[in-house]
Amino acid sequence: MAAKGKQGTLLQAICRNYLFSKRIYYKQSPVKKLYVQTRLGHSSTSSWSINSYMPEASAFHGIRCFKDLHNLSVLDPDTFWGVLAKARLEWSKPFDAVNESDFKSGTIKWFQGGQLNVSVNCVDRHALLSPERVALIWERDEPGTEVKVTYRKLLEMTCRLANVLKRHGIKKGDRVAIYMPVSPVAVAAMLACTRIGAVHTVVFAGFSADSLSGRILDGECNAIITCNQGIRGGRLVELKKTVDEAVKNCPMVKCVFVAHRTENKVPMSDMDIPLEEAMAKEEAVCPPEIMESEDMLFMLYTSGSTGKPKGIVHTQAGYLLYAGLTHKYVFDYHQGDVFGCVADIGWITGHSYVVYGPLCNGGTTVLFESTPTYPNPGRYWETVQRLRINQFYGAPTAFRLLMKYGDDWVKRYDRSSLKTLGSVGEPIHHEAWEWYYGVVGDGKCTVLDTWWQTETGGICITPRPSEEGAEIVPAIAMRPFFGIVPALMDENGKELKGQNVAGALCIKQPWPGIARTLYGDHQRFLDSYFRTYPGYYFTGDGAHRSIEGYYQLTGRMDDVINISGHRLGTAEVEDAMDEHPDVPEAAVIGIPHDIKGEVPFAFVVLKDDVSRAEKVVVEELKSMVTSKIAKYAVPDHIVVVKRLPKTRSGKIMRRVLRKIATNETSDLGDLTTMDDPEIITEVIEYYEKYKQQKSSA
Ligand code: WTA
């Protein structure tokens with residue numbers, strides 16, 4: 001036993017050293033403080049009181065101000081979350097215990113013994129009180145053709161769709177893949193699954209047939225819900241065709257439900273069911289399945305540092321409570337506001353802040369089907385003007401792109417409805433932050449850099465909510481949400497105390513929104529998140545804590561890169577390229593990019609006896625990555641080399657490749673473990689040759 005323990009500790013230490021070799025923390029100059037923002041609901045009005053801010057506060061003893069409330073959430077999480085869960089969710093049976101989680105063993109359980117249904121919480125209860133309130137505004141690709149869906153209508157759609165699923169034998173616990181662009185029927189599909197207790201896994205509609213079938217197989221899904229075609233940026237996307245290809249490899253899929261976004265006909269087989277027709281034949285009532293708090297709600301695949309994507313599992317009550325509470329308090333959402341999160345439902349942001357958070361709060365949420373530049377770079381702001389959006393939530397990659405088109409595209413539209421501007425997915429740099437604050441928000445809105453992950457379920461670090469008059473420092477995530485206790489760790493696995501320190505970002509105690517496991521691989525869950533720093537949840541990111549105690553994210557510490565806010569494991573791209581018969585080895589790293597944040601960069605070795613031109617192989621590699629993963633994963637650069645730099649134990653030294661690719665060869669770091677330093681000169685020569693060829697082309 002003791003020997004095993006020791007080995008474990010050694011492994012953890014090696015793992016930590018590896019992580020720390022990835023990034024030099026906090027190279028930036030200290031953050032600039034430009035604006036002190038005080039506006040956001042509670043801070044600007046003199047009539048503000050803790051009880052109107054959070055009515056449940058009256059149930060807590062001695063809470064007078066925001067700080068008291070935050071302290072309570074951290075020091076007595078059981079009381080805090082217990083009271084909120086009772087007040088904010090509708091239960092069929094009350095829970096027996098609030099929190100039985102333990103980060104040491106990686107066990108996470110909230111609200112055990114409680115029973116509820118998520119669709120009832122997101123739709124029925126609001127439909128009962130305000131049936132004509134608008135739940136969804138579908139901002140279709142074609143500007144000016146938005147469609148509004150009331151809570152009454154959403155309930156009807158959800159029930160009909162749930163009845164269709166039931167009629168085709170889908171039952172509680174079954175997994176259903178959803179491969180659709182954002183639309184009311186896609187939201188109804190997610191909610192219909194929750195209504196009957198099926199588990200949805202939404203696959204981003206830009207993923208290839210191989211990616212889709214990989215997720216269907218891993219998740220053992222027995223049904224797919226899709227569309228005949230999608231439309232994005234004026235272009236048709238052949239969704240059903242991709243599904244047909246994927247299904248060939250998925251014998252467990254029994255039926256494919258096909259909704260219609262366009263008038264075009266697509267081939268239909270015996271297992272394909274036209275969805276709208278089927279829904280029209282069903283009743284508009286469907287009794288909800290009663291679920292346990294810890295039953296699975298959905299899974300969502302995301303990239304990790306090894307090749308195979310991870311099926312992150314979220315459960316019912318804890319996730320919903322956390323999504324709802326963060327939506328309300330981070331964005332200062334009030335009844336009647338129009339909430340515009342422009343993310344796709346294929347990502348966690350779409351789950352938590354297009355669907356579950358806003359609907360749990362009875363809000364009005366925008367479903368944005370288009371792109372930031374269609375039909376022109378004013379699209380977001382024209383939409384804000386037309387729909388009178390109050391809270392806008394988007395990604396830095398889009399802001400960087402739009403900034404290039406000039407301020408006039410923003411200023412020509414009326415943005416006076418905007419109150420809060422959120423940013424998510426990657427660091428928002430100063431320039432983009434200032435554009436967002438000064439140009440988009442006219443210096444009048446609260447700008448929030450929000451940090452979180454698929455695994456955290458909802459926003460964890462962000463400037464708001466915070467106490468009255470609290471400052472906002474541009475371009476940093478700053479403060480932990482209720483119940484979140486961040487910790488920074490050093491290379492030796494020790495927690496760094498005090499201010500002005502940088503390390504691996506962990507979270508110290510459980511909160512209701514954290515993922516529960518990886519589908520079918522709990523051991524990988526434990527290894528990925530709880531092993532490196534025992535007793536802590538490890539995020540995979542690095543962070544700096546300033547003198548004032550504010551958190552600034554410094555980037556991923558593992559081999560996960562962030563392309564336009566989308567996570568991608570470099571190992572996934574390597575695996576896809578390794579399948580090429582002429583490529584014995586490939587190494588992929590991320591390098592910085594103006595608009596996309598990061599892009600993949602590949603060094604590949606070809607077999608000695610390859611007779612075809614290098615150019616041909618490179619083109620084949622690109623199409624392999626497109627068909628195995630998705631277009632966005634195709635490396636911007638593919639450099640053919642003779643050999644890759646390796647350690648004596650045979651590990652590819654990606655950090656050296658990263659330095660070469662970013663032209664930082666004057667300081668290559670520690671090379672003592674390198675097998676043959678000659679290779680560096682060789683790789684640099686190949687890269688120089690590549691650059692020359694590229695510039696002359
Ligand atoms: C990165 C998206 C800096 C981070 C909600 C994290 C950020 C990963 C920020 C999660 C931010 C997200 N500042 N980095 N505000 N937000 N990230 O799972 O590396 O798609 O670990 O969830 O994105 O990406 P995911």
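Counting starts at 1 for both ligands and their atoms, in listed order. Computed from a predicted model, the values in this text were never measured in an experiment.
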Check ion pair K404-D594 (N to O, under 4.0 angstrom): yes
W110 (side chain) donor-acceptor with I514 (main chain) under 3.5 angstrom: no
Pocket residues of ligand 1, ordered first by chain and then by residue number (heavy-atom cut-off under 4.0 Å): I348, T349, V424, G425, E426, P427, D449, T450, W451, W452, Q453, T454, D541, L553, R556, N562, R567
Short side-chain donor-acceptor distance under 3.5 Å, Y322 and T456: no
D442 and Y437 side chains, donor-acceptor separation under 3.5 Å: no
Cation-pi geometry met for R464 and F331 (6.0 Å, 45°): no
From CA spacing to verdict: side-chain contact (heavy atoms from CB on, under 4.5 Å), E491, R16: CA-CA 6 Å; E491 299 87 329; R16 285 194 299 260; 5.6 Å; no
